[in-house]
Amino acid sequence: MTQHESVVERPEVSAPEPWSFPEAQRAELANGLGVVSYDIPGQYVISVRLAVPMPLDREPREREGIATIMARTLDEGTARHTAEEFAQLLERKGIALGAGVSESGLIVDVDVPKRNLGEALDLLSQAVREPVFPGNEVSRHIKIRLAEIDHEHAVPGQRAALEFISTYFDPAERASRPGAGTKATISAITPADVAAFHTANVVPCGATLVVAGDLSQVDVVSEVEDALGSWRGAALEAVESPEAARAADAARIVFLDRPDSVQTEFYIGCPGPDRRVEGGWAAYQVLGFVVGGSPSARIDAVLREDKGFTYGIRSGFRPRRHGGVFLTSGSVRADSTTEALGLLLEILDKAREGFTEAETQAGVDFIGRTAPGRYATADTVADEAAGLSLEGLTTEFTTASLRALADVDAQVLTKAYRRYVTGEWTVIVVGDASLFAEGVRGLSRGEVAILPA
Amino acid sequence: MPLDYQIAERTLANGLRVVVSEDHSVPNVTVNLWVKVGSRHEVEGRTGFAHLFEHLMFQGSRNVASGEHFSAIMGAGGRLNATTWFDRTNYFETVPRGAMDLALWMEADRHGYLLDAVNQENLDNQRDVVKEEKRQSYDNVPYGNAIIDIYAAIFPKDHPYHHATIGSMEDLDAASVQDVHEFFRRYYGPNNTVLTLVGDLTPDEGFDAAERYFGSLPTIATDARALAYPLPPLPGPLRDEHIEVVPSDRLHVAFRLPVDNTPEFFASSVAMDIIGGLATSRLYQRLVRREQIANGVSAHTMGLVDGVSLGFIGIDVADGCSADVVEAAACEELVRFAAEGPSDVEMESAKAQSERGWLSSLASQEERADHICHHVALHGDSGYINTFLDRLDEVTAAEVQQAAAWWLVPESRAVVAYLKQERVAQ
């Protein structure tokens with residue numbers, strides 16, 4: 001048998017077919033609750049998201065984490081059902097219900113097979129309107145959160161993230177402290193506190209209910225009206241906090257000593273924009289991909305594919321409600337710590353010199369052409385809509401950002417990067433300080449503080 | 001509910017099984033390949049090799065440069081990766097329809113002509129990358145090696161599932177270019193592979209494209225060994241205790257389970273959910289809600305083909321509580337469940353949650369393609385995605401009780417315990 005020569009000639013890629021983000025239907029109930037729905041045929045599990053704006057700085061300083069404890073106990077006992085009964089009502093109908101908080105608010109997630117949507121909306125309504133926060137359930141979730149804090153400190157990536165916010169942000173800022181609270185603030189929370197926080201903050205006016213999935217034969221507004229139309233609560237005065245300030249001494253290196261670590265974790269950041277940045281958000285999505293979004297991106301081309309120091313390091317611009325952070329994180333083989341950190345900072349700094357048209361185009365095509373797949377399922381569409389609603393945006397923003405990719409070229413990209421990346425890095429290192437802190441100091445990239453992990 | 005995802009199937013002359021599932025909801029195509037080789041085929045001294053080999057599939061082939069697989073597919077708007085597991089290795093990308101031909105051409109190039117590009121430098125580099133993957137996912141995180149300990153405890157030393165897919169550092173070090181050549185020639189061929197295409201194409205378009213790019217790949221000589229003899233439950237309890245720097249005590253209570261895709265496996269899987277998987281599971285209700293001696297309970301069921309499957313329950317012991325007390329309570333519940341079986345409400349809940357989980361996993365083209373490939377490659381059944389829920393619905397309470405009484409009893413458990421060092425040292 002002769003050797004098989006290559007199959008056939010390399011095919012060309014033809015232009016993608018037109019696609020647009022699923023279209024939203026919008027309504028508002030008399031109580032001020034916004035209702036947004038996306039009919040996505042073939043998506044048999046319906047995703048419901050209730051997004052309630054609730055900036056974390058509304059938490060009392062000495063009770064931080066109360067929003068998280070409230071979110072976790074919404075379904076742990078209501079006016080009509082005990083916690084166990086409620087869990088059973090959800091499970092018998094194949095409903096998954098969860099809740100969590102971000103910097104901007106509360107999101108309650110519900111996924112349910114289409115035929116049980118009505119029951120799911122009813123149970124969602126009971127959880128957000130009638131929770132009773134029983135003492136034993138609140139104390140149980142406080143204990144669980146305390147244990148979770150120990151776990152967060154034991155995982156190098158999470159430990160680095162916690163140290164990053166306390167180093168990067170001014171200590172007066174809420175953003176400098178863990179979103180879900182510390183041991184001291186969590187321990188101080190009582191069931192009465194949680195109930196009061198709930199009453200004051202979880203109200204329909206200004207909240208958004210998103211429903212996404214195969215909605216043929218479903219009258220969404222009427223179903224939502226049945227479940228949540230009689231929900232009442234006074235609208236809160238919207239107080240916009242300014243961008244969280246960076247600490248005066250943020251540009252430095254903190255080395256957290258974790259003896260015998262076989263890898264060293266890096267968490268590196270500087271300021272970045274929010275989604276409303278002048279010139280558009282699109283360039284920053286592309287930058288994340290080009291700098292640290294794939295094995296061929298600038299960072300992993302060197303640290304992974306050339307040096308073999310890492311399984312992968314990722315970069316990205318993380319928008320906050322106001323302002324944002326440009327973050328790079330990942331782990332490397334312990335004995336490469338010094339060289340890897342030196343290379344990483346060099347790559348990040350050198351990117352200020354500019355990007356090529358080829359890498360820009362690859363990034364633009366990746367972000368733009370993956371969108372149909374990234375937003376193909378009910379849950380991803382619902383998550384996008386709910387998350388944006390807390391920022392005061394709609395999925396029109398997503399559509400506009402994707403359209404704006406057409407105007408992103410190498411020059412735009414370079415300008416966008418230079419605007420924020422000035423070389424003033426906050427660097428967190430988690431690893432064996434006895435072996436590598438001296439080397440890191442030797443890089444002369446700023447003051448190095450060594451702290452226990 | 002009856003599912004009717006479109007399925008069309010054809011086998012090419014060289015043995016490649018091709019499945020096409022037409023779905024025009026998004027202008028994309030998912031390309032998914034399952035090669036019927038995984039860590040269960042590895043020989044002593046070469047653990048981790050199937051996975052290391054998978055990494056080399058991204059380092060170029062006859063007409064594709066090193067790293068180009070990622071850059072070309074992502075640059076065309078594709079998302080891609082590959083994974084290795086006990087029973088198989090899979091490669092997948094989701095691309096805009098206009099890049100489907102490129103994706104298939106690149107897949108065919110590496111699945112047919114990888115060895116033209118393999119060299120010592122590529123091997124050494126990816127060996128380093130894989131070692132960092134192991135350090136990141138297993139060695140540098142608390143409890144990271146528990147899953148490896150579970151396999152080692154529950155499967156006999158000479159069993160194909162005794163060692164984890166990630167392998168050992170020593171064996172990764174020992175891998176040579178010669179090994180890569182031998183492994184490729186032995187396992188990578190169209191007649192040991194399944195190709196599934198899901199998305200914006202017709203079956204004929206899919207079959208034509210498969211023929212165009214894969215049709216000339218030569219058939220390999222397959223020498224599939226017989227599957228391992230079915231394993232019964234463990235004959236007696238086993239314990240593997242680790243005293244480490246971990247934030248809290250964690251128990252993994254593991255069991256052998258019947259082979260995947262059998263009524264017995266489905267019944268044992270429902271039993272696992274009712275015992276430890278649901279938010280209303282027996283263990284969650286007692287340990288987490290009522291007695292509050294654990295902070296969390298989770299159940300994991302892994303369906304496998306080689307004579308046995310695996311199930312385990314993870315329990316996070318609450319601070320100040322005794323791991324022994326928690327384990328004893330868990331064992332009591334196992335005994336009780338084996339004796340009384342599930343209630344109607346428990347059966348209803350387990351099936352309802354499985355249904356939502358299954359429908360959610362079919363919601364994306366990517367996962368749908370993966371499920372199709374899985375059941376064609378390992379069970380020869382291209383219709384599985386449409387029939388699974390009906391089969392699950394047939395499971396009776398009596399079958400669940402029977403499965404639990406045979407497989408999920410304390411006498412047949414292996415416990416892998418990670419206990420917090422400082423407390424023990426006092």
Side-chain angles (χ1 to χ4, degrees), chain A residues 1 4 6-8 10-11 13-17 19 41-45 83-84 87-88 90-96 111-113 140 143-144 146-147 150-151 153-156 261-263 294-296 304-305 308-311 331-333 362 365-366 368-370 372-373 376-379, chain B residues 23 25-28 62-63 67 70-71 74-79 94 96-99 101-102 105 108-109 112-113 124-125 128-129 132-133 135-136 139-142 212-213 216-218 246-248 278-280 285 289 292 295 316 318-319 345 348-349 352-353 355-356 359-360 363-365:
Chain A
M1 190 186 240
H4 282 261
S6 174
V7 215
V8 270
R10 181 177 179 127
V13 174
S14 57
E17 288 164 48
W19 173 86
Q43 293 290 303
Y44 303 126
V45 175
E84 289 190 20
Q88 194 178 82
L90 292 170
E91 292 205 309
R92 290 177 74 172
K93 296 294 176 188
I95 302 166
D111 283 347
V112 58
R140 181 166 73 80
K143 273 193 343 196
I144 289 174
L146 293 174
D150 288 337
H151 283 246
H153 279 73
V155 177
S261 290
V262 293
Q263 281 193 323
S294 83
S296 344
R304 173 181 154 125
E305 295 298 303
F309 288 163
T310 180
Y311 181 44
S331 57
V332 300
R333 190 174 76 224
D365 287 344
F366 179 78
R369 295 183 182 189
T370 55
T377 55
D379 57 342
Chain B
D23 173 359
S25 58
V26 177
N28 280 346
R62 179 173 292 175
N63 297 292
F70 275 115
S71 59
M74 293 177 101
R79 292 171 299 149
T94 294
R97 176 65 174 82
D101 283 72
L102 175 68
W105 179 84
D109 203 62
Y113 311 105
D124 289 344
N125 168 256
D128 283 345
V129 170
E132 291 321 302
E133 180 178 355
R135 291 189 176 105
Q136 180 179 315
D139 300 339
N140 204 39
V141 286
R212 189 175 326 130
Y213 299 110
S216 66
L217 264 56
V246 288
S248 61
L278 298 172
T280 53
Q285 299 276 50
R289 284 189 185 282
Q292 301 194 10
N295 287 331
D316 272 311
D319 196 31
V345 169
E348 183 188 352
S349 300
Q353 292 293 35
E355 182 196 6
R356 179 184 42 77
L359 294 176
S360 287
S364 76
Q365 290 182 357

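Values in this document were obtained by computation on a predicted structure and should not be read as measured data. Naming: A, B, ... by sequence-line order, numbering from 1 per chain.
- Contact of Pro372(A) with chain B is made through backbone and side chain together, with heavy-atom distances under 4.5 Å.
- Gln292(B) contributes atom CD, which lies 4.5 Å from atom NZ of Lys143(A) (distance to the nearest 0.5 angstrom).
- Among all heavy-atom pairs drawn from Leu359(B) and Tyr44(A), the shortest one is CD1-CB, 4.4 Å.
- For chain A, no part of Thr94(B) is nearby; none of its heavy atoms comes within less than 4.5 Å.
- Using a 4.5 Å cut-off between heavy atoms, Ala378(A) makes no contact with chain B at all.
- To the nearest 0.5 angstrom, Arg97(B) atom CZ is 7.5 Å from Glu17(A) atom CD.
- Put simply, of Gly42(A), Pro295(A), Gly368(A), the one with the most heavy-atom pairs under 4.5 Å next to chain B is Pro295(A).
- Val155(A) places a side-chain heavy atom less than 4.5 Å from the side chain of Pro142(B).
- Neither the backbone nor the side chain of Asp23(B) has a heavy atom closer than 4.5 Å to any heavy atom of chain A.
- Looking at Glu132(B) and Tyr311(A), their side chains never bring a donor and an acceptor atom within 3.5 Å of each other.
- Contact count against chain A (heavy-atom pairs under 4.5 Å) is highest for Asn125(B) among Leu102(B), Asp316(B), Asn125(B), Asp124(B).
- Contact of the His153(A) side chain with the Pro247(B) side chain is not registered, since no non-hydrogen atoms from C-beta on lie closer than 4.5 Å.
- Of all heavy-atom pairs spanning Gly308(A) and Asp128(B), the tightest one is O-CB, 3.4 Å.
- When side chains are defined from C-beta on, Phe70(B) counts as touching Ser296(A), because their heavy atoms get closer than 4.5 Å.
- Taking OG from Ser261(A) and CG from Asp139(B), the interatomic distance works out to 11.5 Å, rounded to the nearest 0.5 Å.
- Note: Ser349(B) OG to Ile95(A) CD1 = 10.5 Å, rounded to the nearest 0.5 Å.
- Among all heavy-atom pairs drawn from Gly77(B) and Arg369(A), the shortest one is CA-CB, 3.5 Å.
- Rounding to the nearest 0.5 Å gives a distance of 8.0 Å between CD of Glu133(B) and CZ of Arg304(A).
- Ranked by heavy-atom pairs shorter than 4.5 Å toward chain B, the options Ala376(A), Ala15(A), Ala147(A), Ala96(A) are led by Ala96(A).
- Comparing Val332(A), Ile144(A), Val112(A), Asp150(A) by how many heavy-atom pairs each has under 4.5 Å with chain B, the most go to Ile144(A).
- For Val26(B), the part lying near chain A is the side chain, with the backbone staying farther off; criterion is any non-hydrogen pair under 4.5 Å.
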Walk me through it: do Arg10(A) and Asn63(B) pass the test side-chain contact (heavy atoms from CB on, under 4.5 Å)? CA-CA 9 Å; Arg10(A) 181 177 179 127; Asn63(B) 297 292; over 6 Å; no

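- A 4.5 Å side-chain heavy-atom check between Val141(B) and Pro156(A) finds at least one atom pair inside the cut-off.
- Within the 3.5 Å criterion, the main-chain N or O of Pro27(B) finds no donor-acceptor partner in the side chain of Trp19(A).
- The distance from atom OG1 of Thr377(A) to atom CD of Gln365(B), rounded to the nearest 0.5 Å, is 10.5 Å.
- Of all non-hydrogen atoms in Pro96(B) and Pro16(A), the two that sit nearest each other are CB-CB, 4.3 Å.
- Nearest heavy atoms, Gln136(B) versus Gln263(A): CA-OE1, 3.2 Å.
- The minimum heavy-atom distance between Thr280(B) and Gln88(A), with the atom names listed, is CG2-N, 3.6 Å.
- The main-chain N or O of Gln353(B) is never found under 3.5 Å from a side-chain atom of Glu91(A) such that the two would form a donor-acceptor pair.
- Using a 4.5 Å cut-off between heavy atoms, Asn28(B) touches chain A through its side chain atoms alone.
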